[in-house]
Amino acid sequence: MVPNKKDVIRLLEKIALYMELKGDHPFKIQAFRKAAKVLEMDDRSLEEIDQLTELPGIGKGIAMLINEFITTGHSSILEKLQEEIPKELVYLLQIPGLGAKTIAKLHQELGIQTLDELKRACVEGRIRKIKGFGEKTERNILQGIEQFNKKTFRIPLAQMLPIAKWVEDRLSDMKGIETFFRAGSLRRLKETLKDLDFVIATNHPKYVREQILQFPNIKDRINAGDSKITCKFSFDFDVSVDFRIVSPDSYPTTLHHFTGSKDHNVRMRQIAKARKEKISEYGVENTETGDFFTFRNEKDFFAHFGLPFIPPELREDGSEIDKVEELPDLVSEGDIKGDLHMHSNWSDGVHTVSEMVEACRRRGYSYVAITDHSQFLKIANGLTKDRIRRQLELVRKLNDQYSDITILAGIELDILPDGSLDLDEDILQELDVVIASIHSAFHQSERQILKRLKTAFENPYVNIIAHPTGRIIGRRKGYSVDIEKLFQLAKETNTALEINANPKRLDLKPEYVKIGKEMGVKFVINTDAHSKESLANMEIGVKFARKAWLNKQMVLNTMDTDQLLHFFKQKKEGKSDSFT
DNA sequence: GCCGTTTTCGGCCCGACTGTTTTCAGTCG
C-alpha cells in the first residue's frame with residue numbers, strides 16, 4: 001500500500017517523539033513537527049505536490065525521508081530510532097507531567113519501559129533514590145499515571161460554558177479585581193476545550209490569589225504561584241481552570257498571550273523579533289533600546305505592529321496574521337436583523353410565541369420566525385396541519401400589534417426517512433418561511449441522505465436547511481453527507497444553509513462553511529432557541545461563523561425585511577438570483 | 001533539520017511554577 005499524506009504526517013510526528021526520547025536537539029525535533037504541520041495545512045494531496053522542498057519547513061533531508069517512505073513503505077531513520085528506543089517509552093510521554101528527559105532518565109537508571117514498571121518503581125520508592133528526584137516527584141508521577149488512566153478528553157463547549165459562567169460569577173463578586181476576562185480556547189470559541197483560562201487584572205495580586213484558592217469545588221491545586229494558579233474543580237466532571245493574575249498595565253498583552261492560539265503567538269513573536277522587539281505576557285520590549293511598551297487594550301497592541309484587531313475566534317494557525325489584508329468585513333452580531341429558527345411551547349419550546357417575539361424585539365431585531373416542529377416529531381409535539389393554521393392565525397394577529405418587528409410564520413419541516421417531506425405543499429405555501437431538517441434515520445448511506453436533502457432543496461417552499469450535518473459535538477457525529485454536493489444543491493436551488501448557533505451543535509463547522517463560501521452559498525445564522533434565554537446564543541453563532549471569515553453579504557439574516565422576503569419569494573417563483 | 005534584502009553559520013517565542021538544587025532543569029501553555 002502506498003502511504004498517503006496522513007501516513008507521512010504521522011511518520012514525521014512519530015519520529016519527533018522518538019527523537020525527543022533520544023535527546024536530540026529541540027530545534028531538530030521542532031523541524032520535524034513543523035514539516036508535519038506544513039503538510040497538514042497544505043490542501044493538496046501528496047501526488048499534487050511537485051516538489052516537497054517548495055514547502056516552507058521541508059528541506060532536503062525531510063524530503064528525502066518522505067520520498068523513501070513513499071517508494072519503499074518504510075523509513076530507515078525511524079527504524080534506526082526504534083532500534084535505540086523501546087517503543088513503550090513513547091507511550092509514557094502521554095502521562096501528564098512526564099516529559100522526554102525524565103522518561104529517558106528513568107529508563108537509563110532503572111530500566112523502566114512500561115507503565116506498570118514505572119508504577120511499581122514509584123510504589124517501591126526506587127525513584128526517589130535517583131539524583132535529582134525526590135519523594136514529591138514520585139508522588140507526582142503516580143498522580144500523573146492516575147490522571148492518564150482517566151484519560152481526560154476534551155470537553156464540548158456547551159458543557160464548559162455553564163462552568164465558565166460559574167467562575168465568572170465568582171470573579172465578578174470578588175473584591176480587589178480591576179477587570180478579568182476569559183482566555184484560551186474558550187475565548188477563541190473552539191468546539192471542544194481542554195481547560196478554562198481566565199486573565200485577571202489587579203493591583204492586589206496576593207489578595208486575589210487567596211480568594212481564588214478559597215473557591216468552592218476545588219478538588220486539587222496543581223499550581224499556586226503568585227501570578228498563576230491552576231486548580232482542578234469538581235463538577236459533574238473534573239475541569240482544570242487556569243487563573244493568570246497580572247497588573248492592569250500588562251493585562252492586554254497577557255490576555256492576548258493566554259488567548260493564543262500557541263501558533264498565533266509564535267507568529268506574533270516572530271514578527272516582533274524581526275522588528276527588534278520582544279513580546280511577553282507583560283508587554284513589548286525594544287531589544288536594542290530597552291524601551292518597554294504596554295497597551296490600553298488588545299487593539300492598540302495589534303496596532304503597534306501595524307495590524308488591525310484580529311478577533312480571538314480567528315486566531316488559529318498564525319496564517320491569519322499574514323492574510324490579514326484579505327480580512328473581509330466580517331459579519332458581526334450588530335449586523336443580524338433577525339432570528340429565523342426558534343421553537344415555542346406549541347412544540348418543544350418553553351415559552352409562548354408572544355414571549356419569544358417580545359424577547360426578539362428587546363434584542364432589536366427587525367424580524368423573527370417562529371418555526372416549531374412539524375407533526376412527524378411526536379416527541380416534540382410537532383404541529384399538524386390544523387395546529388399550523390391555528391398558530392398562523394395567532395402569528396398574524398400578533399403581527400398586527402407590532403410596528404417595529406415582523407413576525408414570520410414558519411415551520412421546521414421534517415425530512416422523513418423515506419425521502420418525502422412531512423407536510424404537503426398546500427400548507428407550506430401558506431407559511432412565510434420553511435426550514436427543513438433531518439431528525440431521523442441518521443444511519444442511512446450518504447446516497448440516501450443526499451436524496452432526502454435533495455427533495456427538500458428542490459421544494460419551492462423550503463427556504464433553509466437547518467443544522468445540515470446533524471452533529472452534536474462530542475456525542476453524535478451526524479449523518480454522512482457529501483458536503484460539496486450539499487453546497488451545490490444549496491447554490492442551485494437558492495436555498496440557504498443554517499449555521500446553528502446552539503453550542504451543542506455549531507453545525508456547520510468552519511471548514512465546511514469555508515468551502516461553501518467559495519461556492520457562493522448563502523448562510524443563515526440561527527439560534528434554534530427553545531427558550532427566550534437561548535436567543536442569546538446568536539453571539540456564539542456569529543463568532544463561529546466568523547471562524548470561516550464570513551462577511552455580512554453572505555449571511556441571509558443580515559438583510560432587511562423586504563430583501564429577505566424577496567429572497568424567499570424568488571425561490572417560490574423559480575428564479576435563481578442572488579441577493580445583494 | 002531548516003532557513004537567509006541584516007546571516008551559508010547561528011539562530012529557531014517566551015516565561016511561570018515546581019522540585020530539586022544551592023543556581024537550575026524539566027514541563028507546560
Side-chain angles (χ1 to χ4, degrees), chain A residues 12 15-16 19-21 23-38 52-66 77 92-106 127-141 143-144 147 183-186 188 193-199 205 209 221-231 240-246 250 253-254 256-285 287-288 318 321:
Chain A
L12 293 172
I15 289 175
M19 289 196 305
E20 248 184 281
L21 288 163
D24 265 321
H25 199 280
F27 290 120
K28 186 175 167 184
I29 300 164
Q30 193 190 68
F32 276 82
R33 295 229 159 92
K34 194 180 166 201
K37 187 137 210 174
V38 164
L52 282 166
T53 48
E54 275 171 18
L55 294 172
I58 298 188
K60 251 185 176 166
I62 292 183
M64 261 170 63
L65 178 148
I66 294 174
I77 291 183
L92 297 184
L93 274 171
Q94 295 176 70
I95 300 170
L98 269 194
K101 300 241 167 86
T102 310
I103 293 170
K105 191 153 191 188
L106 290 171
I127 290 190
R128 67 184 74 173
K129 292 181 185 139
I130 306 171
K131 191 173 174 347
F133 290 67
E135 268 180 67
K136 195 74 198 272
T137 307
E138 218 168 54
R139 272 206 301 279
N140 286 346
I141 292 175
Q143 263 179 21
Q147 218 181 315
S185 43
L186 172 68
R188 300 203 313 280
L193 315 178
K194 194 164 72 65
D195 56 12
L196 295 175
D197 296 278
F198 295 91
V199 176
R209 177 183 182 275
R221 288 183 190 180
I222 316 290
N223 284 326
D226 290 337
S227 68
K228 187 179 165 184
I229 297 174
T230 307
C231 286
S240 174
V241 185
D242 278 355
F243 300 90
R244 232 14 252 277
I245 306 165
V246 292
S250 295
T253 31
T254 308
H256 175 265
H257 177 78
F258 282 96
T259 296
S261 70
K262 197 174 172 184
D263 290 334
H264 172 90
N265 288 350
V266 168
R267 187 72 198 106
M268 284 301 292
R269 285 165 183 216
Q270 284 169 346
I271 286 167
K273 196 150 190 156
R275 295 162 42 113
K276 307 252 185 269
E277 288 178 330
K278 192 175 79 172
I279 300 174
S280 76
E281 290 98 300
Y282 304 106
V284 175
E285 186 188 341
T287 48
E288 286 189 330
I321 299 167

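Below, chains carry the letters A, B, ... as their sequence lines are ordered, and counting in each starts from 1.
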One should read off an interatomic distance between A:T253 OG1 and A:H256 NE2, to the nearest 0.5 angstrom, of 9.5 Å
Send over the distance from A:H256 NE2 to B:dG29 C1', rounded to a whole Å. 14 Å
How many Å lie between CG on A:L196 and P on B:dG29, as a whole number? 14 Å
If I take atom CD1 in residue A:I77 and atom P in nucleotide B:dG1, what distance separates them, rounded to the nearest angstrom? 7 Å
Mind checking the CD1-CE spacing from A:I77 to A:M64? Nearest 0.5 Å is all I need. 7.5 Å
Measuring from atom CD1 of A:I103 to atom NZ of A:K105, what distance do you get when rounded to the nearest 0.5 angstrom? 14.0 Å
Taking for each residue the nucleotide of DNA chain B with the nearest heavy atom, is it A:A274 or A:K28 whose nucleotide lies nearer the 5' end? A:K28
For a quick check, with a 4.0 angstrom heavy-atom cut-off, what is the B/S/- contact string for nucleotides 14-21 of chain B, read 5' to 3'? BSSSSSSS
Nearest non-hydrogen partners of A:A35 and A:I62, listed with the distance: CB-CD1, 3.7 Å
A:S261 side-chain N/O to A:H264 backbone N/O, donor-acceptor pair under 3.5 Å: yes
Whether the A:Q30 and A:R33 side chains hold a donor-acceptor pair (N or O, under 3.5 Å, no angle test) is what I'd like checked. no
Looking at the angle O4'-C1'-N9-C4 for a purine or O4'-C1'-N1-C2 for a pyrimidine, is B:dT21 syn or anti, with syn meaning within 90° of 0? anti
Rounding to a whole Å, what distance do you find between A:Q30:CD and B:dC13:C1'? 9 Å
When A:V266 and A:T53 are each assigned the nearest nucleotide of DNA chain B, the 5'-most assignment goes to A:T53
Give me the distance, rounded to whole Å, that separates B:dG4 from B:dC13 when you measure between the P atoms they each carry. 15 Å
In whole angstrom, give me the gap between the C1' atoms of B:dT7 and B:dC2. 14 Å
Please report the closest heavy-atom contact between A:E20 and A:L93, naming both atoms and the distance. OE2-CD2, 4.5 Å
Write down the distance separating the C1' atoms in B:dC17 and B:dG11, rounded off to the nearest Å. 27 Å
As an exercise, state the distance from CD of A:Q143 to CD1 of A:I222, rounded to the nearest 0.5 Å. 7.5 Å
Looking only at atom C1', what distance separates B:dA25 and B:dT21, rounded to whole Å? 10 Å
What contact category does A:L93 fall into here, base, sugar-phosphate, or nothing, at under 4.0 angstrom with non-hydrogen atoms? nothing
Could you state the atom-to-atom distance from CG of A:L106 to P of B:dT27 in whole Å? 10 Å
Taken to the nearest 0.5 Å, the spacing of A:N223 CG from A:D242 CG works out to 7.5 Å
Please write out the pairs of protein N or O atoms and N or O atoms of nucleotides 24-26 of chain B separated by less than 3.5 Å, giving the distance to one decimal.
| from | atom 1 | to | atom 2 | distance (Å) |
| --- | --- | --- | --- | --- |
| B:dG26 | O3' | A:T102 | OG1 | 3.0 |

Nucleotide paired to B:dT8 in any strand shown, Watson-Crick or G-U, under 3.5 Å: none
What's the spacing between A:I58 CD1 and A:I66 CD1 if we round to 0.5 Å? 4.5 Å
When rounded to the nearest Å, what value does the distance between P atoms of B:dT23 and B:dC28 take? 26 Å
Distance between the C1' atoms of B:dT20 and B:dT27, in whole angstroms? 14 Å
Distance, rounded to the nearest Å, where A:D197 contributes CG and B:dG29 contributes C1': 8 Å
Given atom CG of A:D195 and atom P of B:dT27, what is their separation to the nearest angstrom? 19 Å
Give the rounded distance in Å between these two atoms: CG of A:L92 and P of B:dT27. 12 Å
Just checking A:P96: base, sugar-phosphate only, or nothing, at a heavy-atom cut-off of under 4.0 Å? sugar-phosphate
